[in-house]
Every structure is written in C-alpha cells, then in structure tokens.
Amino acid sequence: MPQLAAGLSAEDLAAQSMPDASPGKWHLGHVSWFFETMILAGRPGYRVVDERLNAVFNSYYEALGERVERAERGLMTRPSLAEVMAYRAEIDRRMEAWLAEGPSDRLEPYLFALGLHHEQQHQELFLMDVLNLMSRSRLDPAAYEAEPRVGEREARLGGWVSFEGGLTQIGAGDDGFAFDNERPAHRVWLEPFSLAADLTTNADWIEFIDNGGYRRAEFWLADGWARVKAQGWAAPLYWREEAAGWSVMTLTGRRPVDPTAPVRHVSFYEADAFARWSGRRLPTEAEWEQAARADPTAFSNLTGEVWQWTASAYAPYPGFYPTEGTAAEYNGKFMANQMVLRGGAFATPQGHTRPSYRNFYYPHQRWMFAGVRLAADGAVIEETGAHDGFRQDMIDGLSRRVKALPPKWFYDAEGSRLFEEITRLPEYYPTRQEAALLRRVAPEWAGRFGSDAVLVELGSGASEKTRIVLDAARDLAAYVPIDISPSALNEAADRIRADYPGLKVLPVVGDFEHLAAPPVEAGQGRRIGFFPGSTIGNLTPEAAVTLLRSAREVLGEGSLFILGVDLVKSPEVLVAAYDDALGVTAAFNRNLLVRANRDLGMDFEPETFDHVALWNPEHSRMEMHLKATRPMTVRLGKLAFRFNAGETVHTESSRKFDEASVKALAQAAGWGLEAFEVGPDPAVGLALLVA
Ligand code: SAH
Ligand code: AVI
C-alpha cells in the first residue's frame, strides 16, 4: 500500500470519511439476519427467507460467504426500508415458532441470548452512526429533543479512590450471560493503584487544548501523533470552535460544549495523551474491573455516561476459547491492534453491561461514546491546587440555567474583613442580638459541659462570640475553631491564645461540610459543638441536615451542640439587614467577583453587577444575588459564560427559622432539642442539642 504523509496509508486517510458507520436500515436487517443465520439456518431443511439478503446483512463472518464491505453499506439504496421491515417481521415470526418449539441442542439457548445482546449492541451503534451522519450535514440537524439516556448523569464525587492491589480475580464466572471474550475468570496481580472518582470533563479537556495538548508531541504515542498531524486533530470529534466558544454535535443538535459534562468522542490516542499531560495514566482493564467490583459507590458514572478507555490491549484471557460454531467469529478474531474500553455509555441499553464487559475499538476511532477516567500508581494524596474547588464550583455554578455560587467562597481575607464590618452595622442585628442572648444562657448551659470538655466551633470567623462561652466555661480543655478562611482563623486563634493563656487552641482550616475528628491533642473530654451566627442558614435544608448528622457522628455520643439561628421576622427588617445604607453588604457580595478575578484569572467587572437582597417567603430565606446590569460575556480561561442584562447569580441564601423548624432539623439529624431560647426583637434563637 502506498504510504502518504506521516506514515499514513491511503486507507487511513479514507478513514476520515466514515467507513465504520452503517445506515440505520442496515442495522435493522442485520440484527434479524443474526438470528436467522446463527440459530434458524442450523436446523435441518431450513430455507432462508431471501438468499440475496445474506450478502447484504452479513457483517464480518468469513464462514458465511460473500458480503458487502462495511464502507460500502451506505451506497446501497436497496433493499428499501419496507423490505427490511418485512424481512424483520418474517424472522420474528420464525423465531417465535422456534421459541414455542424450544431449543434443539445445548448451544442454541446461548446463541439466542447472544442474539439479544448483539441486538442491544446495535441499538447503541445505531445512535453512534446516526450522530455521525448528522455531524456531516451542513444543516446541524437534531434527532431528539432530549438526549436518549439510560438514566440521569451522576453528580461528581471528587478526588481519587485508592486500592491496595494484590492477587485478585477478573473475568466473568459461569453464571449468567457473558460474551466469550470475558471468560474464563482468572487471577491477576495488581500493584497499588488509584482511580479518579469522576470522569474527565469537557472543562478538563479545554484546559488540555489551551495548554497545547494537540500541538505538543511529547504527550503522544508515535501512532497517535501521526494521526494528529495527518488528520488535523485539534479537539474531540464533533467539536467546532466558534466566536462564542466550543460547540459540539450531539443527538439533540449542535450545542455549546457543557464544561461540566464528561468529555466524549476521544480516541485512545487522545485519552492516552491527555493522561500523560495530566501526569497520570489510563487504568488497565483489570484495575478498572477490580475497582468497579470492590467499591462501585465510590465512583460517579462508572456506567451510563461513556465507555472508558483502558491501557489494556484487547487480547485473549488465559484459557480463552471462542464460542463454538459460526459465532466463533464474534469476538475472538479481533484480538489484535485494538484497545479495551470498560463501563458503558448513556446510549448503552439498560442491563447490557457488567463489570467484566470488554468493549474494544481501534485506538484511532472516535465516533463511539468514549471518554476518560484517569488512574495513577499507588495512593493519590489529593494535592489539589489552592483554587481547584473554587474553580470547579465557578464552572458548575455559571453553567447552570439559574446561575448560583456557594457562599463559602465569600470568605477570603477581604471577605472575612467585610463580614466583620457587617456585624457592626446598625441594620445587621443578628450578631448583637445573638451575643446578648448567649450572655444570658451561657452560664447555665456551660454548667452542663463537665470538666475537660472540648469546644469545637464551626465557621468561627473572628471568634468574638466564643469569648462569651469561654468566660462561662473556665475549665475547658481545648478550643478547636474550624474555618475556611485561613486569615480570619489564624488571627482569631492568636488573639484567643493571648487572652486565654491556659487554653489549648487548635485551629483547623477546612470546610465544615467535611468534618474530621478534633485533633488528638484536644484529649478525650466531652465534645461541645458551637455553630453560632445562623451560618447553618447559609446551607440548603438538605445540606444542613447532613452537616448536623455528621457533626453528631464526629462529636460522638453524649456531646452537646449550641446552634444559633436567625428567626423569621418582618421583611423590612430582614431586607435592611442585607442591604445596608453604607453599602458594606454590597461590597461583601461583589468581593466574590473580585476574588474570582484574582484567584481564577476571570474578567468580571464587579461594578457592572448590582447587589440585590430579597426576601423569599416560600423558602423562608433572605437571598443575595448579583445582577448583571448589561449583557456581557465573562471568561474563565477559554470558557465563556454569557449573561443577559438583568440575569443574576444567586450568591447566598440565609434561611430564617422558628422553633418548629429548628426542632425538625435537629431531629432529622439525630439530635435531641434540649432547650430553645429566644431573645428580644429583632429576635434570634439559640438551641441546645444533645446527642
Ligand atoms: N461565627 C461567626 C462568623 C460567622 S461568618 C459569627 O457568628 O459571627 C461565617 C463564617 O463561616 C466565616 O468565618 C466563614 O469563613 C466561615 N465559613 C463559611 N462557609 C464555611 C465552610 N463551608 N467551612 C468552614 N467555614 C466556613
Ligand atoms: C455568615 N452568615 C450567617 C451571614 C448571613 O447573615 O447569612 C453572612 C451575611 N451575608 C450577608 N450579610 C451577612
């Protein structure tokens, strides 16, 4: 074969047209042909429905005679769809008769199951091929209004899941249906490894592109680099760069690339280059299977989203033997030059896949629903960049139909300083009112702590209210303030150390939604949780229950918990507290954008966003929003987020409670409500909970 540019043959170049895809009606005929050929034709005296259709619907079976080559299938205008459907109806009729009669030998039941699984494979192929055809149209057609999916996409879990490795077993056992290539089950040795909890996203891929991923040969296998050059790969298949950013062809038409969605339509070569660029690698198929069997709930989208490339060549397992008879050509004869993919795609029929399932494609192919889950050697201690969480929340939050950001990102050094300024404003009553109420109840409640108790404060900020508790409980063993804002936390810890010399002060920088046990130096004394300021109201009701439940678990049986809540009151008083005359709360709100510009290199113009504070009676909460005063596009690297004039980002909710809602919250989280005290107007409440 003559060799062309970069070692690619004419055949390789022809692959840019689509020799792998078949017309829909071919799939329809072929799946019925399979039943006829594999089962019915084996019976003595059987007469085929139409001899000529054999060559049309035979996919790749050498033993079954002549056939139309795959790349030519699209050229056939006959048989017509009506003829194909008539053929299918006739095969269905004959198969029903076969079913009524029952199998005549040991192999037939397996071939029947194989035929059903084969048909499911073609259901997915059908969608792959339809999408490929659509991608070639200048009209950007859409086949569906909503993507046909086997189930909902699962939310990201974050981080890595580590496995010790050792001797394990992979492959399908004798029970249930499996393809011949999944057998026999056999032992393999695994070194310690980790697998990413989540699939690689489009945002990750855009970073790879922006970082020269498709231009830097050092990331690529030689064969892959030859493809990049010869076929001009610069992004996944179906992606197009437009003024507004990347778009992608989908079954629902051409759409903006969703940065939060798992990447699709990448070849093995691209997956491998991406992994090398990431400083990671692709998992072996044995690692993938072991992880999927041992800890399936530790991962998101193991199946139901994309097939995941592995680093394993598609080869026979030790002891492999092909299915007897004509179906011998089903899998085994492809065991060279292809790579294994594991998992399952959004378009894979329900129940079709299993942990031992081995999908396989050539390393350059991209039209299937294939993506990436990274792996690494040994245990991965999460060394996330300082701003990774903020970046991820920003991408997720601005990609939503109703834009929103978690309020925890308010608290950089400037945000913490602005919050302290808020607490001194005449309109912001909660801090003063809560401090006064705490002074009233603290002596009695501290009397229940016992000696050597450990005060664990969530979202401690400046630790000002803490002093009221410390003054009332002089025999505390330790104080453990937890806050996401390092500057506020450490400065407060220093001040408390200076003013309470006998007290062990053990600050923990962290997210109180991921609570860990107090440091061992705190000792074993009774744990007293302290969560003032109505910061619990900044969480969704579900997250509030989750946090209190995990606090109960971490603080342990017999612990106490002092919870501060703001109470429902007149909207005028509430709105004034969140929209003060001096504009400090507005500055606090806009500081989120200032922070995004500094930490993430974004290009918000904070002054073009209005501060909005409103009372939402339906959810019993104050809301803060930032409202775009004109249409604009904001960028995060190559990602672009569009704002219409008047569109808002919801930056904070502050839920307001009453005694009944506090009691319900405490009980849902497994705490008992021991006491509930309410101060004078504008009223706030303090609850004492017991584990
Ligand atoms: N407890 C103080 C401060 C309340 S302001 C008071 O009542 O006045 C809220 C505090 O919680 C801030 O210091 C902020 O940095 C912190 N915070 C907000 N979200 C957090 C999170 N997810 N994890 C840890 N700290 C958080
Ligand atoms: C920390 N948190 C309880 C405050 C609140 O009232 O929701 C934050 C705040 N937002 C605007 N002003 C103060």
Side-chain angles (χ1 to χ4, degrees), residues 389-390 393 405-425 427-435 437-438 455-469 480-493 507-516 529-540 543-544 546-547 550-551 562-567 573-580 582-592 595 611-615 621-626 650-657 682 684 686:
F390 186 26
D393 282 350
L405 291 167
K408 66 180 177 186
W409 301 115
F410 278 135
Y411 302 95
D412 63 352
E414 178 62 5
S416 296
R417 192 195 66 72
L418 283 166
F419 176 75
E420 287 312 308
E421 215 176 307
I422 289 174
T423 63
R424 292 189 289 270
L425 291 168
E427 297 95 330
Y428 195 75
Y429 61 86
T431 309
R432 274 185 305 278
Q433 298 299 81
E434 191 180 58
L437 181 59
L438 195 55
L455 186 70
V456 178
E457 181 171 359
L458 279 57
S460 45
S463 291
E464 282 303 315
K465 289 170 194 157
T466 320
R467 292 167 183 269
I468 301 167
V469 182
V480 180
I482 303 172
D483 205 287
I484 202 164
S485 175
S487 61
L489 180 74
N490 292 322
E491 286 165 25
V508 176
V509 178
D511 187 336
F512 52 51
E513 292 195 71
H514 301 279
L515 277 182
F530 183 39
F531 197 12
S534 206
T535 304
I536 190 127
N538 297 139
L539 302 176
T540 63
T546 306
L547 180 143
S550 107
I562 300 171
L563 178 66
V565 291
D566 192 9
L567 301 178
V573 176
L574 286 169
V575 170
Y578 289 82
D579 196 6
D580 62 280
L582 284 177
V584 181
T585 310
F588 173 72
N589 199 3
R590 286 197 195 96
N591 180 57
L592 189 58
R595 181 182 191 182
H611 167 70
V612 177
L614 53 90
W615 169 243
R621 68 191 188 200
M622 278 302 300
E623 292 179 4
M624 294 206 312
H625 297 256
L626 287 165
H650 182 178
T651 50
E652 185 190 74
S653 291
S654 291
R655 188 168 155 212
K656 305 301 167 186
F657 296 83
V684 300
L686 279 170

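Hydrogens, waters and symmetry mates play no part in the numbers below; they use all other heavy atoms, side chains included. Sequential numbering from 1 along the given sequence is applied to the chain's residues. We count ligands from 1, going down the list as the structure has it; atoms in each ligand are counted the same way. Predicted, not measured: the structure shown is a model, and the values here were computed from it.
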Proximity of Asp566 to ligand 2 by residue part, where a heavy atom lies under 4.0 Å:
neither

Give the contacting part of Tyr578 toward ligand 2: side chain, backbone, both or neither, where contact means a heavy-atom distance below 4.0 Å.
side chain

Give the numbers and elements of all ligand 2 atoms closer than 4.0 Å to a heavy atom of [X].
| X | answer |
| --- | --- |
| Gly533 | 3 (C) |
| Tyr428 | 4 (C), 5 (C), 6 (O), 12 (N), 13 (C) |
| Thr535 | 1 (C), 3 (C) |
| Tyr411 | 1 (C), 8 (C) |
| Ser654 | 5 (C), 6 (O), 7 (O) |
| Phe419 | 1 (C), 4 (C), 8 (C), 13 (C) |

Are side-chain N/O atoms of [X] and [Y] paired as donor and acceptor at under 3.5 Å?
| X | Y | value |
| --- | --- | --- |
| Asp566 | Tyr429 | yes |
| Ser416 | Ser485 | yes |
| Glu623 | Ser653 | no |

Say whether, by atom type as modelled, one donor and one acceptor occur between the side chain of [X] and the main chain of [Y] under 3.5 angstrom.
| X | Y | result |
| --- | --- | --- |
| Asp483 | Ser460 | yes |
| Asp579 | Val575 | no |
| Arg655 | Val565 | no |
| Ser463 | Thr466 | no |

Is [X] in contact with ligand 2, taking contact as a heavy-atom separation below 4.0 Å?
| X | answer |
| --- | --- |
| Met622 | no |
| Phe588 | yes |
| Gly537 | no |
| Ser534 | yes |

Quick test: of every protein heavy atom, which one is nearest to atom 2 (N) of ligand 2, and how far off is it to 0.1 Å?
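Here the nearest protein heavy atom works out to Asn538 OD1, 2.9 Å.
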
As a quick check of understanding, evaluate side chain to side chain contact (heavy atoms under 4.5 Å, CB included) for Leu458 and Phe530, giving each step before the final call.
CA-CA 6 Å; Leu458 279 57; Phe530 183 39; over 6 Å; no

When you compare ligand 2 with Thr585, is there at least one nitrogen or oxygen pair between them that comes in under 3.5 angstrom?
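No; the residue has no nitrogen or oxygen that sits under 3.5 Å from a nitrogen or oxygen of the ligand.
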
Look only at interatomic distance and state if Glu652 has a nitrogen or oxygen under 3.5 Å from any nitrogen or oxygen of ligand 2.
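There is such a contact, yes.
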
Is there side-chain contact between Leu547 and Phe531, with at least one heavy-atom pair below 4.5 Å?
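Yes, close enough: below the 4.5 Å cut-off.
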
I'd like the residue list for ligand 1, meaning every protein residue with a non-hydrogen atom under 4.0 Å from the ligand.
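Ligand 1 is contacted, at a heavy-atom distance under 4.0 Å, by Lys408, Tyr411, Phe419, Glu457, Gly459, Ser460, Gly461, Lys465, Asp483, Ile484, Ser485, Gly510, Asp511, Phe512, Pro532, Gly533, Thr535.
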
Salt-bridge criterion met for [X] and [Y] (N-O under 4.0 Å):
| X | Y | value |
| --- | --- | --- |
| Arg432 | Glu434 | no |
| Glu421 | Arg424 | no |
| Glu420 | Arg417 | no |

Below 30° counts as parallel, above 60° as perpendicular, anything between as tilted: where do the rings of Tyr578 and Tyr428 land?
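Perpendicular.
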
